[in-house]
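Below is one structure, written out as structure tokens; comments come after it.
The sequence lines fix the lettering, A, B, ..., with proteins before strands; numbering per chain opens at 1. The shown structure was predicted, so the numbers you read here are calculated from the model rather than taken from an experiment.
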Amino acid sequence: MLTFSMKNTHTNGHHLQPEKIMSRYNPVEIETKWQSAWDESGVFEAHPRPGCPKYYVLEMFPYPSGRIHMGHVRNYAMGDVVARYKSVTGHSVLHPMGWDAFGLPAENAAMEKGVHPGEWTYQNIDDMRAQLKPLGLSIDWSREFATCDPEYYGQQQSMFIDMMEKGLAYRRSATVNWDPVEETVLANEQVENGRGWRSGALVERRELTQWFFRISDFAEELLESIDELVDWPEKVRLMQRNWIGRSSGLQFRFRTVDAPVGFEHLEVFTTRPDTLFGASFAAVSFDHPLARLLESDPEVAAFNEECRRGAVSEEDIEKAEKTGFDTGIRVVHPFLDGVELPVFITNFVLMGYGTGAIFGCPAHDQRDLEFARKYGLGVVTVVCPPDGDPAAYEIGEEPYLGPGRMINSGFLNGLEIEDAKAEIIRKFEESGSGEGKVMYRLRDWGVSRQRYWGCPIPVIHCEDCGAVAEKKENLPVILPNDVRFDGRGNPLEKHASWRNVPCPACGRMARRETDTMDTFVDSSWYFVRFTAPRARTPTVREDVEYWMNVDQYIGGVEHAILHLLYSRFFTRAMHLTGHLPKSAGEPFTALFTQGMVCHETYKDGEGRWLSPEDVRPRTGGGLETREGDSVTVGPSVKMSKSKKNVIDPEDIIESFGADTARWFILSDSPPDRDVEWTTSGIEAASRHLQRVWRLVNSTVGQPDSTGSQASRDEENANLFKAMHRTIDSVTNDLESFSFNKSVAALYEFTSTLARSAADPASKAVAFRVLAQLMQPITPHLAEEIWEMAGGEGLVVSSPWPVADPDMLVEDTVVLPVQVNGKRRAEIRVAKGLERDEVEALVLELGPVRNALGGRNPKRLVVVPDRIVNVVV
RNA sequence: GCCCGAGUGGCGGAAUUGGUAGACGCAGGGGAUUCAAAAUCCCCCGCCGAAAGGCUUGCCGGUUCGAGUCCGGCCUCGGGUACCA
């Protein structure tokens, strides 16, 4: 393929090697060459380097689905930029890779394709590793592991036993989605409109005894420590705070009337004790012991049954219409003589929060107001807004939720809300029937899964000894291979020889726990394991102390709450069980959340999704199918199989090379926002990289330009000035995760270089800097041009260039001149020019004099070196 | 439902703490080169208007000499919602 430009052969052909004339930058060939060079040099293996600070950069490890997708490319390209940048700026870098290998899809594949989940998973890992390697990532592959390796999950089992001993793991009853046809527990994802996704049967809620981690004991600690996470996105910190959901309020006991024996009191929790005088009903969860007891009444039973319908997800519960059942029981208002409030069973009070019982004050709560309207309950306004008339204020259509003073509230009248809360809590505490209490939304972490493809919980149930931890010398408890997937229940339940084992305590025959662990457990400590991936203990003190914490963690914002919170809990639990030193509190010092990779969507005339491969440009504009039918272009959305708008990274790397893919995916959008993949964009990236190569290739070895020494000196000086400005921008942009801006600065510098009439020797200096600046983003091309421009050794191990501050200063500055806030002129002045001198210059300007018409300005705003505004 | 975020030309986006809106790239238009094309190089490019000028950062309102940026109220799209990972 001869594509070398004729212009170049005309002007300097006699200086070029013949093969240079014939060649073009061939990414695939050259990328393989440099990847081998890196492998041989071992530059990416993590070792403590004396005198260098350590830097641990980690991207969220992938689930081995079998194919890498553009989201992976983006994630790992970003992490690689950071790892490479940190490496050349004098850090000893740890940048590992592993596989989040347990999970549902492997079991689904087992059922659909009859392949064993383990076999399926390990094959996928091999495939994905082979797709990932051509990206040229600076990963220490010697530390790779999968969470389904017994060497990994065995250590996890060992920690589970330690957590049992410390009381951090315990058993209690909890609700699951139950598919009565498949006799299987369903994940929330497997429930569609209240029905099992395969069987179509109405899902039931079922109670099972399950294992939990006591994360709620750490609620306050996890909440307070968010303040330390200054290098996390503010939005993630806020989401975590809200998730933990600390609220203080009052817990107190109502006296009941006409209630069954044992329920002489009803304990409620409220965050608005100030509104007690406006209460018009009490409500308990359908799971509340009182509601359960009343189920002997068929009407109550039917109502509760109705409430228990549907999936267990919070979204489903909250979106369901609020309903109630009047039990006929009443509670006595503690401060209003003779006032009794009806007690309802409802579907919106959750047993898992507070006491599972509340009182409702319709005037100051949206949900309570809707409920009161529906069931004809009274509405008493007890908070008067600051601008309202305390004697006459009443709420209208909407509840009043703002600040104000108490009215219609006996001894609270006239108090501000916060003072009223304090006062009423004091009153309850005095009488001993209630107390101020802090409540958290955060619930304990249920880790039991009734599935095969997960880490077995290392426990044996003995009739005499109860739940007994497996002996550590028997770990790992390995998943049996000979299992059958018939779509019913957990295969481990049916595996007699695996299940029936002697009790570790008394030796009598007992039953092995068949629940496996939530895959979030696997991903809650893998980053610690990377510090000593082959150790015979979960961690090795020396390695953990050197490498932890993760300095920079990068991944999708979809993990903003659960995965990150569980990991934060785990480092604390691992400390309590002796697996992490005291210094390790937070797992991730800095966090970056990346956006998704999107692509346009296409549909044919019948509304069927079309893949980008199936459409082509139509002459005269628009798109058509291969058959020439018209195509409807839809919005750009996250790449997904269901919408067929997927571009396979492997195809892109094959046709354009990894550098082009990396350059493009980092170029257009800020990393924390979604990026749209476009064909024209990837082609532009490819064109640019070709241009860089051509530029270096055609310049190196040229004789000095003719022309005067003075003009050459000036050209050289200008080039170096641009070079230092670029070093400065790229450095700042990489440090601040503005990779798109780094790319823009590199585009600009390449254009400058292409136009520059500086000496080839000066250009060679600039090319070497260009190579160094491009290295984190397009490492293969960087090595190639580094070599062409006479760089020593590998660019991957050459120190990052430093901008000379003297080269960055400008001595003049352009001041925009506004009249009444609209730009009318601009003046170039010496930097730091005095205010009155600027004023004098500005008042002489034509547009300013016109606007003033001989009068004095009302005001003259001068922001030195920034802007001038003349107010007329 | 609840929590969090995003919205700027034809498109992706840029804009230190409120200070020239549209850097850089794509698409488009024009030119050079070529027998011709591809490739490459150069120039133009927010909208309306003949021009003067006016308008413009999802919508409505506010604060300010000055608002993409701050405040209040909406709209649309996206993420999470505890068993998808």
Side-chain angles (χ1 to χ4, degrees), chain A residues 2-8 60 62-63 65 100 102-105 176-177 185-191 215 233-236 238-239 241-243 245 311-320 322 348 352 366-367 441-451 518-520 523 556-563 565-566 593 595-596 598 635-638 664 667-670 672-676 678 680-681 683-685 687-688 690-691 694 732 738 740-741 743-748 751 754 814-818 820-823 825-826 857-861 863 866-871:
Chain A
L2 192 145
T3 52
F4 203 78
S5 98
M6 294 304 285
K7 189 177 161 193
N8 283 327
M60 290 177 185
Y63 177 80
S65 61
D100 188 14
F102 278 133
L104 275 179
V176 294
N177 299 308
V185 176
L186 297 180
N188 284 333
E189 191 195 45
Q190 299 173 313
V191 179
I215 189 173
E234 190 51 49
K235 62 175 173 186
V236 175
L238 194 54
M239 281 190 266
R241 282 195 188 99
N242 291 339
W243 186 262
V312 297
S313 78
E314 188 195 59
E315 186 188 359
D316 280 11
I317 292 166
E318 284 288 323
K319 277 188 178 169
K322 314 286 180 278
F348 60 86
Q366 183 69 47
R367 192 186 55 195
R441 211 186 73 97
L442 180 67
R443 309 198 294 261
D444 275 343
W445 174 11
V447 296
S448 279
R449 297 293 179 270
Q450 295 70 40
R451 300 186 210 295
D518 179 5
T519 57
F520 272 124
S523 57
V557 71
E558 67 271 21
H559 295 292
I561 297 173
L562 293 180
H563 163 59
L565 192 64
Y566 291 149
T593 54
M596 298 177 302
C598 301
S636 183
V637 297
K638 181 182 178 173
F664 174 64
S667 65
D668 267 6
S669 292
D672 55 345
R673 273 214 241 155
D674 293 353
V675 65
E676 188 185 351
T678 59
S680 57
E683 285 168 355
R687 265 203 307 274
H688 176 73
Q690 288 288 348
R691 184 181 181 222
R694 223 167 34 235
N732 291 334
S738 306
N740 54 324
K741 285 155 72 183
V743 168
L746 290 166
Y747 264 118
E748 223 166 349
S751 294
V814 175
L815 285 185
V817 178
Q818 297 180 328
N820 290 336
K822 304 219 180 241
R823 195 178 71 95
E826 56 184 39
K858 270 191 202 152
R859 195 170 164 183
L860 191 51
V861 181
V863 185
R866 268 256 119 99
I867 202 165
V868 180
N869 191 10
V870 184
V871 185

**Message:** Any base atoms under 4.0 Å from A/Lys235, or only sugar-phosphate, or nothing? Heavy atoms, all strands.
**Reply:** sugar-phosphate

**Item:** Gap in Å between the two P atoms, one belonging to B/rG49 and one to B/rU33, rounded
**Value:** 36 Å

**Prompt:** Mind checking the C1' distance from B/rC26 to B/rA6? Whole angstroms is fine.
**Reply:** 22 Å

**Asked** Between A/His559 (NE2) and B/rC4 (C1'), how many Å, whole number?
**Response** 16 Å

**Message:** Do the side chains of A/Lys741 and A/Glu748 get close enough for a salt bridge, i.e. N-O under 4.0 angstrom?
**Reply:** no

**Asked** For B/rA23, what is the paired nucleotide under Watson-Crick or G-U wobble rules, both distances under 3.5 Å?
**Response** none

**Request:** Could you measure between the two C1' atoms, the one in B/rA27 and the one in B/rC44, and give it in whole Å?
**Result:** 14 Å

**Asked** Just how far, in rounded Å, is C1' of B/rC2 from CG of A/Asp316?
**Response** 14 Å

**Asked** Expressed in whole Å, how much space separates the P atoms belonging to B/rG29 and B/rG18?
**Response** 42 Å

**Prompt:** Would you find more than 12 non-hydrogen atoms of other residues, nucleotides or ligands less than 6.0 Å from A/Lys638 atom NZ?
**Reply:** no

**Message:** Using Watson-Crick or G-U wobble geometry with both distances under 3.5 Å, which nucleotide pairs with B/rA82?
**Reply:** none

**Message:** Tell me whether A/Asn177 contacts the main-chain N or O of A/Val185 through its side chain, where contact means a donor paired with an acceptor under 3.5 Å.
**Reply:** no

**Message:** Could you check whether any side-chain N or O of A/Arg441 sits under 3.5 Å from a backbone N or O of A/Trp243, counting only pairs where one atom can act as donor and the other as acceptor?
**Reply:** yes

**Asked** Are A/Arg823 and B/rG19 close enough that a side-chain N or O sits under 4.0 Å from OP1 or OP2?
**Response** no

**Asked** With a non-hydrogen cut-off below 4.0 angstrom, is A/Glu683 in contact with a base, only sugar-phosphate, or nothing?
**Response** nothing

**Request:** Identify the nucleotide, in any strand shown, that forms a Watson-Crick or G-U wobble pair with B/rU33, with both distances under 3.5 Å; if there is none, say none.
**Result:** none

**Asked** Below 3.5 Å, does any donor atom in the side chain of A/Arg866 face an acceptor in the base of B/rU17, or the other way round?
**Response** yes

**Asked** To the nearest angstrom, how far is A/Arg673 atom CZ from B/rC77 atom P?
**Response** 18 Å

**Request:** Would you classify A/Gly681 as touching base, sugar-phosphate or nothing, given that sugar-phosphate means primed atoms plus P, OP1 and OP2, and contacts are heavy atoms under 4.0 Å?
**Result:** nothing

**Request:** Specify the separation, in whole Å, of atom CZ of A/Arg443 and atom C1' of B/rC2.
**Result:** 13 Å

**Prompt:** Is it true that A/Glu314 and A/Arg443 make a salt bridge, defined as a side-chain N closer than 4.0 Å to a carboxylate O?
**Reply:** no

**Asked** Say you draw a straight line from CG of A/Leu104 to CD of A/Glu189; how long is it, rounded to the nearest 0.5 Å?
**Response** 7.0 Å

**Request:** Indicate, with a heavy-atom threshold strictly under 4.0 Å, whether A/Lys858 touches base, sugar-phosphate, or nothing.
**Result:** nothing

**Asked** Within this structure, what is the CZ-to-P distance between A/Phe664 and B/rA27, rounded to whole angstrom?
**Response** 11 Å

**Asked** When we call it a touch if two heavy atoms are under 4.0 Å apart, what does A/Val868 touch: a base, just sugar-phosphate, or nothing?
**Response** nothing

**Request:** Quick one: label A/Pro670 by what it contacts on the DNA or RNA (base, sugar-phosphate, nothing), any heavy atom closer than 4.0 Å.
**Result:** sugar-phosphate

**Message:** What contact category does A/Arg367 fall into here, base, sugar-phosphate, or nothing, at under 4.0 angstrom with non-hydrogen atoms?
**Reply:** nothing

**Request:** Measure the distance from CZ on A/Phe520 to P on B/rG80 and round it to the nearest whole Å.
**Result:** 10 Å

**Request:** Have a look at A/Val861 and say if it touches a base, only the backbone sugar-phosphate, or nothing, with a 4.0 Å heavy-atom cut-off.
**Result:** base

**Prompt:** At under 4.0 Å between heavy atoms, what does A/Ser448 touch on the DNA or RNA strands: base, sugar-phosphate, or nothing?
**Reply:** base

**Asked** Within the structure shown, what part of the strands sits under 4.0 Å from A/Asn820 by heavy-atom distance: base, sugar-phosphate, or nothing?
**Response** nothing

**Request:** Assign A/Gly446 to base, sugar-phosphate, or nothing according to its heavy-atom contacts below 4.0 angstrom with the strands shown.
**Result:** sugar-phosphate

**Message:** Measuring to OP1 and OP2 of B/rG79, would you say a side-chain N or O of A/Lys638 lies under 4.0 angstrom away?
**Reply:** no

**Request:** Heavy atoms only: give me the nearest A/Ala685-A/Phe664 pair and the separation to one decimal.
**Result:** CB-CB, 3.8 Å

**Message:** Distance check, P atoms only: B/rU63 and B/rC71, in whole angstrom units.
**Reply:** 15 Å

**Message:** Can you tell me whether the side chain of A/Glu315 and the base of B/rG80 have a donor-acceptor pair closer than 3.5 Å?
**Reply:** no

**Asked** Hey, does A/Leu860 reach any base, or is it just sugar-phosphate, or nothing, if we go heavy atoms under 4.0 Å?
**Response** nothing

**Request:** Can you tell me the distance, in whole Å, between the CH2 atom of A/Trp445 and the P atom of B/rU81?
**Result:** 14 Å

**Message:** Please give the distance between the P atoms of B/rG68 and B/rG19 as a whole number of Å.
**Reply:** 10 Å

**Item:** Separation of atom NZ in A/Lys741 from atom P in B/rU16, rounded to whole Å
**Value:** 7 Å

**Asked** If the C1' atom of B/rA50 is compared with that of B/rG12, how far apart are they to the nearest Å?
**Response** 34 Å

**Asked** Which nucleotide sits closest to the side chain of A/Lys319: B/rG1, B/rA27, B/rC4?
**Response** B/rG1

**Message:** What's the gap between B/rA14 and B/rA21 when it is taken at their C1' atoms, as a whole Å value?
**Reply:** 9 Å

**Asked** Under 4.0 angstrom, heavy atoms only, what part of the nucleic acid is A/Ala684 near: base, sugar-phosphate, or nothing?
**Response** sugar-phosphate

**Item:** Minimum side-chain heavy-atom gap A/Arg691-A/Ser751 below 4.5 Å
**Value:** yes

**Item:** Who pairs with B/rG5 - Watson-Crick or G-U, where each distance is under 3.5 Å
**Value:** B/rC77

**Item:** Flag side-chain contact, heavy atom, 4.5 Å: A/Asp668 against A/Glu676
**Value:** no

**Message:** When you measure only distances, ignoring hydrogens and angles, does the side chain of A/Glu676 come within 3.5 Å of the base of B/rC11 through a donor and an acceptor?
**Reply:** no

**Request:** For A/Val637, report the nucleic acid contact type (base, sugar-phosphate, nothing); a contact means any heavy atom under 4.0 Å.
**Result:** nothing

**Request:** Classify the side chain of A/Asn869 and the base of B/rC65 as holding, or not holding, a donor-acceptor pair under 3.5 Å.
**Result:** yes

